[in-house]
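Some notes on the structure that comes next.
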Number of protein chains: 2
Amino acid sequence: MSDQIFARRPTLEAVAERAGVSRATVSRVVNGGSGVREALVEKVRRAVEELGYVPNQAARTLVTRRTGAVAVIAAEPETEVFTNPFFAEQLLGISRELAAHDHQLVLLLTEEAADYERVGRYLAGGHVDGAVLFSLHNDDPLPEIVRQVGIPTVFGGRPGWPGAEADRSLLYVDSDNRGGAREAVNHLISLGRGRIATITGPMDQVASVDRLDGYHDMLMDADPRLIVEGDFSEPGGARAMTALLDRAPELDAVFVASDLMALGALRVLRERGYRVPEDVAVVGFDDMAKVAEHTDPPLTTVRQDIEEMGRLMVRLLLRSLDRQAKDAPVGRPLSSVIIPTRLVRRATA
Amino acid sequence: MSDQIFARRPTLEAVAERAGVSRATVSRVVNGGSGVREALVEKVRRAVEELGYVPNQAARTLVTRRTGAVAVIAAEPETEVFTNPFFAEQLLGISRELAAHDHQLVLLLTEEAADYERVGRYLAGGHVDGAVLFSLHNDDPLPEIVRQVGIPTVFGGRPGWPGAEADRSLLYVDSDNRGGAREAVNHLISLGRGRIATITGPMDQVASVDRLDGYHDMLMDADPRLIVEGDFSEPGGARAMTALLDRAPELDAVFVASDLMALGALRVLRERGYRVPEDVAVVGFDDMAKVAEHTDPPLTTVRQDIEEMGRLMVRLLLRSLDRQAKDAPVGRPLSSVIIPTRLVRRATA
DNA sequence: CCGAATTTAGAGAGCGCTCTCAATGATCCT
DNA sequence: AGGATCATTGAGAGCGCTCTCTAAATTCGG
């Protein structure tokens, strides 16, 4: 039990002395060791080992201006980030990819106004090299904050505030919501369905709008009564389905913009005595783990690879950091990425 | 669009010059401003404002040896940290409490052997002031790592490795698993049940053992056939219930060590035609949000305040950091905290 | 109104590390 | 062999901030 809690950790200096070389040489060895004779490298390595030397990150950051950390920022309040499996899976992807590149993950949640200020200060303080940002609603102040701070940022989901489209410097990763919706609706059409309704997500989120756009792409002049706005929750889906059935009892298919809402819709359909898919075909969106497969009947849905989204966000961010670091502006400018979706056929359509 | 991405941020020096004072004075103002004339304070404040000055954390850390960040470490592999609502809620509490104290949350997940080494290096590098650790299994190497690094740590859940009990310096936050279990079983007894079985959690986790101990406290010589080990999952609970029913069909009550397992148990009981609670009374553990209330029938269970656990872990850690910082060893030594549980009566018992 | 006590401000020494630049010795070419 | 080239190494200057220590300014008692 050698509890060294208060003992100061050894410094570069100490290692240098022990190895009988200069600080510079130790630094070189610690950071890759090129240009140092093998004999010395060995000596330094041994000294490092014996002293249990670990570089002090603060000192290093002070001169390199690199922290090796990335902030993950999300607005918690309305969406209960953690309980949201969508976010959880993205976070997992982010965490894994960061670990793979030896970077750290600093989690920044905002709930109240004061938090925004805190986050701004934090980012400006140079704690992190870049940020990955989930700005779930279009009126969120976070994007403006990161812009002001001037910190490299990658957005999760296509930014939706006014002017965002035009700004090519904005980096984001999104799934192909519109294409996925198109594929879903197309599938319903190919099944011979003629009255295809849709339950959308909240219209202040870009993903919802995109999915609705995809619906419209295939059904140019859809009856407005066939379109109801939901809120991405199970009960919301149930409410929307109820509304739909009241307004247009003759519908024979529904494209539901999320699996969770589809769950609610399925429940209402069952309660009202509709058979799925015979009377009403249903297609969801997400292919959420532990949900879509276990609905009754198993849900046909549009799969998006959430973890991969997280990973790609990190990769994009790190690449953009490399760009601005070295004087190596090689290649063409980085651009956002859209991840393809894929229809997973199960039993509801 | 004043994109200042590459512009260096202003330094203390710059503020000092602008305000016409020394660096020291600016530093004093920025850090509380006591001992500086009001006139100067005002001048410095203005300069800070005009320049948009934000202290560089790396430089500050280098001298103060304080980072204002805390690591949250968890072993991801087996338990899928993020999907685990238990952990999610704890993380939420941790995040909120840290934010309240203006500290940052660095998330460290370990999946493979290489990650442990990375985490060790990270902690030793002085990136964080302390750590909050979830070591879910007794053979996890993380506790040993934090010990070696000598970083102040608070454990989530009572540490269970050999010798842990004796070590009073170990700080942890746990709920009163044993007491909660006792209360659950006691309730079943008071209902007049005579054959009370239990489905435990995995026996390599302390919480499971504690809950089983609570069961034994009330049922000193329980029939071993009435005890089956589960794995905290829904299907695991179902399997365990099946086994129980096969071994001891005459049972009239079950204390299930988690809500998720209770869910599975309820399902099996229903399938086998047992009425709950008439034939078999059931009590769960956790009072998990969105689960316990919505089972059929609603689950009677032992409530533990998970978010509060997270908050307390942080509070304990920060207090312990304060202790070792100042030369102010006021008061008696810090000690671990056990959070009380509470029986929530619903319909299953 | 003067010296002592008390505030308030500035100078300057680091914190531990990286990185440029110059010095050293080894190697090469004609 | 002699100068040029190249590979290694060390010296030392910061990075931006805090903090101690001293100097200057202010207050106060007698």
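Convention: sequence-line order gives letters A, B, ...; per-chain numbering from 1.
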Between C:dC19, D:dT9, C:dA11, which nucleotide gets closest to the side-chain atoms of B:A24?
C:dA11
In residues 37-52 of chain A, what residues come within less than 4.0 Å of DNA chain D, judged by heavy atoms?
A:R37, A:L40
Give a yes/no on whether any side-chain N or O of B:R65 is located under 4.0 angstrom from OP1 or OP2 of C:dG16.
yes
Round to a whole Å and report the spacing from CZ of B:R23 to P of D:dG16.
11 Å
Give every donor-acceptor pair under 3.5 Å between a side-chain atom in residues 118-127 of chain A and any protein atom, sequence neighbours left out.
unit_1	atom_1	unit_2	atom_2	d
A:R118	NH2	A:L109	O	3.2
A:R121	NE	A:E117	OE2	3.2
A:H127	ND1	A:Y122	O	3.1

Which residues, if any, of residues 10-22 of chain B bring a heavy atom under 4.0 Å of DNA chain C?
B:V21, B:S22
Closest listed nucleotide, where the reference is the side chain of B:R60 and the choices are D:dG16, D:dC15, D:dT18
D:dT18
A:Q57 side chain vs A:T67 backbone, donor-acceptor pair below 3.5 Å
yes
With a 4.5 Å heavy-atom cut-off, do A:L40 and A:V29 have their side chains touching?
no
Going by an N to O cut-off under 4.0 Å, is there a salt bridge joining A:E308 and A:R311?
no
Tell me: CZ of A:R28 to C1' of D:dA11, nearest whole Å?
11 Å
Just compare D:dT9, C:dC17, D:dC19 and give me whichever is closest to any side-chain atom of A:A59.
C:dC17
Mapping B:T25 and B:V63 onto DNA chain C by nearest heavy atom, which one lands closer to the 5' end?
B:T25
A:N31 has an atom CG; how far is it from atom P of C:dT20, in whole Å?
13 Å
Give a yes or no answer on whether the side chain of A:T61 reaches the backbone of A:R66 with a donor-acceptor pair at less than 3.5 Å.
yes
Closer than 3.5 angstrom, by distance alone: can the side chain of A:D115 be matched with the main-chain N or O of A:E112 as a donor-acceptor pair?
yes
About how many Å separate CE of B:M309 and CG of B:D174, when rounded to the nearest 0.5 Å?
5.0 Å
Hey, is the side chain of B:R9 pairing donor to acceptor with the base of D:dG16 inside 3.5 Å?
no
Indicate yes or no: does B:R46 engage B:E49 in a salt bridge with an N to O separation below 4.0 Å.
no
Please state whether the phosphate of C:dC17, meaning OP1 or OP2, lies under 4.0 angstrom from any side-chain nitrogen or oxygen of A:S27.
no
Test item: B:T153 side-chain N/O and B:I151 main-chain N/O as donor-acceptor pair under 3.5 Å:
yes
Rounded distance in Å - CG (A:L62) to C1' (C:dG14)
12 Å
Measure the distance from CG on B:N56 to P on D:dG14 and round it to the nearest whole Å.
18 Å
